[in-house]
Each structure stands twice: as C-alpha cells, then as structure tokens.
Amino acid sequence: MSLARKHILNIVPYESGKPIEELKRQLNLKEVIKLASNENPLGVSPRAQEAIRKNLSKINRYPDSRCFYLKKRLAEFYNLKSDNFVLGNGSDELIDIIIKTFVEEDEHIITADFTFLEYKIIASVKDRTVIVVPIKYFKYDLDAIRKKIDKKTKVIFIANPNNPTGTYVTKYEIEEFIRDLPEDVLLVMDEAYDTFVDVDDFPQSLKYLNKKNVIVLKTFSKAYGLAGLRVGYSISNPELASYMEITRQPFNVNSLAQAAAIAALDDKEFLKKTRSTILEGKNYIYDVLKKIGLAYVPSVANFILIDVGKDGTDVFRAMLKYGVIVRDMRQYGMKNFIRVTIGTKKENERFVRVLKKVLQA
Ligand SMILES: *Cc1c(COP(=O)(O)O)cnc(C)c1O
C-alpha cells in the first residue's frame, strides 16, 4: 500500500536535460557539451554576474517578497505598471501558480499534444484534467483548440514559440482566436523564446492583456542566461495578477535572482550577441542538415527539432558516448527525433561531427 495520493502514482515525472557533470561522472569523460535544455551558450551576462557578486553578502536576509525593484524595472521595460507582473521561481512555477489559482477540480485545461511537458505534468500533480489537441504540421492548431473549448474549459496553454517544435502561431491566428475566446477562459501565452524570434508576424501579445483574460509568461532562463537562478514572470491585467499573488510562496524568488534579473534586462549588448550567435548557428546547422539529407522543423527559437530517420533515443545515447548531450524526445513521444539547442560555433561544429559519425555507424 502506498502513502502517496492515488493520482500521484500514475505520473511520469519531468525528465530534464542531462547535466554535464553527470555525464562526465558516468562515462569518465573530460570534455562534455550540453545542447539539451535551450540554455544560453555564451554564459552569464557580465552585468548580471556583477550584480550577483554585489548581493552575495546579503543572503543572510530573506529576499524581498514583493520583488519591488525587479517589478519596477520590468514595468519600465514594457511600459506597464508593477502590478501587471507576478514573479516566479522560473516560469515553471508560474504554470503551477496559474493552475492552482484558477482551475477548479472539475474544470479543464487545454494544450497541444507535442508541446512543453510541464503543462501536463503540473496539471496531473494537481489532479486536473488536460485535453490535448494534436498539432498540425508541427504547429499549434488553434482551430482545433477552439472546437474543444466548452463549459469546463478554464485555461489554455500555448507555448509560442512552441517547444520542442520551434514553430509559432502568427498574430493573425492568435487575434482570430482571442476574438472568439469566451470571457471566462484564460489564455496563457508562454513566450520563453520570444527574444529569439525575428519574423514580422509574431504576435505582440501584450496588446491583448486588456481585451480578454490573457496571461503572458516570460523567463530569464533562455536568452537572458539565468536558468540556474530560476526567475520568470507573468504579465497580465492587475486583477489576475492579484489572485496569483495570493497563492504564490512568499519568498519564491531569491535575492540573487532578483538582482541578476534587473542587471540582465539592462545588458543589451549580451542579448544582441546572444541573438546573433543563435541565428548564425542555426543557419549553419540547417545547411549541414540539408547536405546530409535530414529533415528538420524550421525554428524561430534557439533549438531545432530534427528527424534522424531512426530511433532518436539510440542516436541520443550514441552521442552521449562522444560527450555531446542533445535532447532525447522519447518522453515527448516523438520517436525518430532529437532536439538540439544552438550552441557556440565550436559546440555546433562538434555536434555536427558527432551526429554524422553516429548516423554512419
Ligand atoms: C524552458 C521553458 C520554460 C521554463 O522556463 P523556466 O523559467 O526556466 O522555468 C517555460 N516554457 C517553455 C515553453 C520552455 O521551453
């Protein structure tokens, strides 16, 4: 007999990208690169590092529970008010906060089948029902989602750009979708990768905040290079934010994260370099994939979903032996795929070398 609540026993926990140190330990390797979790390959913004050093001597104190200065800075950045923001221990925590704040026991969540796994996992932990709608041509199918909305629907999660496909829904698609969205349904636009996007028809989601019940999620983990510190945030109208403020843990964002996030937001140079590194790297990898005849999904984010034409888990495992960690897509149920995060030039070249070697074997 188990002491855990019954529904907990059926949940497959989130499998994170393999940490570098773990692979070094397991295979006794010296040089390992990780292209598995869509992190920033350029390291940490020098300004953020300086902010962390300055605040190190103060961590005997609890962090500012209200994240006053970070909210103030974000409000300036987006030309909004502090009460439009809720900070979280990564945007992962905001997904958790949203579900526990808004979704009653008998209400439903809708998302896509091949998308960020955390929506489904966090909902399962909270024993909430998730309706998954198949993606179409690797994209969120908003028409199909619209058809699934009924009286029980409470929250719709859309990752835009989508992870793991790297595709996006356009502003035209989302505007039509929002127009028809019932007043009592919340739309969550998870924009973890928006900083990498360079297309004109990507939605400016902040325009929708006052039209319907829209919550936009952003994170410092990807382009801003602070994945290890855990800081993300939601942007919404103040009323929705005020409910989320009730359910979050009081000290959910630590003081180093708050200081570093403010500094990272100001480091335009680091961000610019990050974006150009990703664009160049992505084009390089696209070229190679075309040459060796592998299909891939064109991506507006900092990763590429690749059809390796055979079992992706085998390819993932074989690459590990050469010290290259990519993302195994098994947990996503995408059998012949791997997902690779764009790295530095050197890392991309090593990825290509090892991929070729493994596929030839
Ligand atoms: C990486 C990722 C997140 C999580 O980011 P954190 O802020 O590190 O929790 C959220 N959504 C998507 C789609 C992601 O890929």
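Numbers for residues simply follow the sequence, beginning at 1. Counting starts at 1 for both ligands and their atoms, following the listed order.
- Looking at R230 and D92, a side-chain N of the basic residue comes within less than 4.0 Å of a carboxylate O on the acidic one, giving a salt bridge.
- Taking the charged nitrogens against the carboxylate oxygens, D150 and K152 have no contact shorter than 4.0 Å, which rules out a salt bridge.
- E22 has a carboxylate O that lies under 4.0 Å from a charged side-chain N of K18, or vice versa, which qualifies the two as a salt bridge.
- Its side chain within the 4.5 Å cluster rule, Y168 clusters with V197, V199, F202, V300 among the Ile, Leu, Val, Met, Phe, Trp and Tyr residues.
- Closer than 4.0 angstrom to ligand 1 lie heavy atoms from G90, S91, D92, F116, N163, D190, A192, Y193, T219, S221, K222, R230.
- Checked options K136, R146, K139; the residue passing with E173 is K139 (criterion: salt bridge (charged side-chain N to carboxylate O under 4.0 Å, His left out)).
- Contact check on K273 versus E269 returns no salt bridge, with no Lys/Arg side-chain nitrogen under 4.0 Å from an Asp/Glu carboxylate oxygen.
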